[in-house]
Enquirer: 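Got a structure for you, questions after.
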Amino acid sequence: MDPRYFGRRTPFVAIAAVALSFVAYALLWGLGVMLALLALLGGALCMLFPGPARQTGTGVVVGIIVFVAGFAAFLLTNL
């Protein structure tokens, strides 16, 4: 893995982003979608900065993408 994008905190931030997405969708639905998009945008912006901010941004982006892909798969198999 590229140490510029993946560090010790990346998996923890990805797990936190997935958990936040679960809570946002469960409680807020439409607002949860906006929150996920803002978190994705914030994570992408963090990836522009060097050091720990880049690793944190990678974790946020990966976590949100994993949640959205899992949620889409859930919806496709249960509709």
Enquirer: Could you pull out every donor-acceptor pair under 3.5 Å between side chains of residues 63-79 and any protein atom, sequence neighbours left out?
Expert:
{"residue": "T77", "atom": "OG1", "partner": "A73", "partner atom": "O", "Å": "3.0"}
{"residue": "T77", "atom": "OG1", "partner": "F74", "partner atom": "O", "Å": "3.2"}
{"residue": "N78", "atom": "ND2", "partner": "F74", "partner atom": "O", "Å": "3.2"}

Enquirer: For a quick test of reading the model, state the closest non-hydrogen atom pair linking G7 to P11 and the distance between them.
Expert: O-CD, 3.6 Å
Enquirer: For the pair L40 and V60, evaluate side-chain contact (heavy atoms from CB on, under 4.5 Å) and give the outcome as yes or no after the intermediate values.
Expert: CA-CA 7 Å; L40 186 67; V60 169; over 6 Å; no
Enquirer: Do the side chains of V61 and T58 get nearer than 4.5 Å, heavy atoms only?
Expert: no
Enquirer: Considering non-hydrogen atoms only, spot the tightest contact between R54 and M47 and give its length.
Expert: NE-O, 3.2 Å
Enquirer: I need the minimum non-hydrogen distance between C46 and G57, along with the two atoms involved.
Expert: CB-CA, 3.7 Å
Enquirer: CG of L31 to CG of L35: how many Å apart, nearest 0.5 Å?
Expert: 7.0 Å
